[in-house]
Amino acid sequence: MLLHRIEEVREQVSAWKKEGLTVGLVPTMGALHAGHLSLIKKAKEACDKVVVSDFVNPIQFGPSEDFDKYPRTLDADMELCNKEGVDIVFAPSANEMYGEGQKLSNDNLTYVCPPFFYVNTLCGKTRTGHFDGVCTVVLKLFNIVQPDYAFFGQKDAQQVIIIKKMVKDLNVPIKIVQCPIIREESGLALSSRNKYLSEEGKKDALVLSKILNNIKSCYEKGITDVEALKETAYNFLTEKHNMEYLEIVDKDTLENKTNADDNSIALIACRVENVRLIDNIYLK
Ligand code: PAF
């Protein structure tokens, strides 16, 4: 069932809750691919009813980012969701989410602002305000749907860590379920932004997973010095890759490490054909 209005979602979910049914939410920006479908499948296994939100959230995009050109494929998304047995696809307009004619800025709207350290490292270094926008819309979706569980992909590892922190700090009574990264056979992590890449760009983009896999195998061979592990990336990079960051940090707190350990995660952001791609890997 496709719903556009907050009130309609609330009514339906509260009817389910009265019947004692559990509800899972899969927040998305649409342009659904096999990565999203894996979240939906997990949600279907764990919950009686599943809601997928399909909303390209304007307040998590910077002024020079790809909000306007971000793929919007609601019909195809609906088809996939119907096939997976999703109960509600919630596809609100920006007016429905933020109020008719509202100026979308934090001198006008209440924003959720996670701690400075979490939002200003890794992706946050170049995407000012991004995680405030993400947390704000995610908390709004949580309040609208009031699910028991919400499902997020490890592909956006920093996002999941920040959402878990928000849920803990603000006592949000929802269990966050993190699901593994889904990759093409080639190793490329699935992303809605892969649609921007040419065939050649897709091949060049394999460098991200190659760098991460190589770091993991070096770690397994006993190299723990973070700088030495990061250095190995230069064996893979060419002039086609514009690396934004490569970091090895604590997988729960994002804190930097001098020496990697079993609690470490390696994360990379790199532009290929000017498309910003991210990927990550747990060292254990
Ligand atoms: O990961 C995403 O697609 C978005 O950041 C999310 C969580 C749906 C919020 O808009």
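As the structure lists them, so they are numbered: ligands from 1, and atoms in each ligand from 1. Worth saying up front: this structure is predicted, and the values here are computed from it rather than measured.
- Taking every heavy atom of Gln159 and a limit of under 4.0 angstrom, the matching atoms of ligand 1 come to 1 (O), 2 (C), 4 (C), 5 (O), 7 (C).
- Taking a 6.0 Å sphere around CZ of Arg72, one finds it holds more than 12 heavy atoms contributed by other residues, nucleotides or ligands.
- Each of the atoms 9 (C), 10 (O) of ligand 1 lies under 4.0 Å from some heavy atom of Val137.
- The side chain to side chain donor-acceptor pair (under 3.5 Å) pairs that include a residue from residues 33-57 are Thr22-Asp48, Asn57-Gln60, Asn57-Tyr98, where partners are two or more places apart or lie in different chains.
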Step by step, would you call Tyr196 with Asp66 a side chain to side chain donor-acceptor pair (under 3.5 Å)? CA-CA 11 Å; Tyr196 303 146; Asp66 57 346; 2.9 Å; yes
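- Evaluation of the salt bridge (Lys or Arg N to Asp or Glu O under 4.0 Å) test over residues 241-252, restricted to residues two or more places apart or in two chains, returns Lys230-Glu247, Glu244-Arg276, Asp250-Lys257.
- Residue Thr28 approaches ligand 1 through these ligand atoms, each under 4.0 Å from one of its heavy atoms: 8 (C).
- Interface atoms of ligand 1 facing Pro27, defined by a heavy-atom separation under 4.0 Å, are 8 (C).
- Proximity annotation for atom 9 (C) of ligand 1: of His36, Gln60, Met29, Gln60 comes nearest, heavy atoms only.
- Evaluated for a side chain to side chain contact (heavy atoms under 4.5 Å, CB included) with Asp279, the options Val207, Leu267, Ile181 yield exactly one hit, Ile181.
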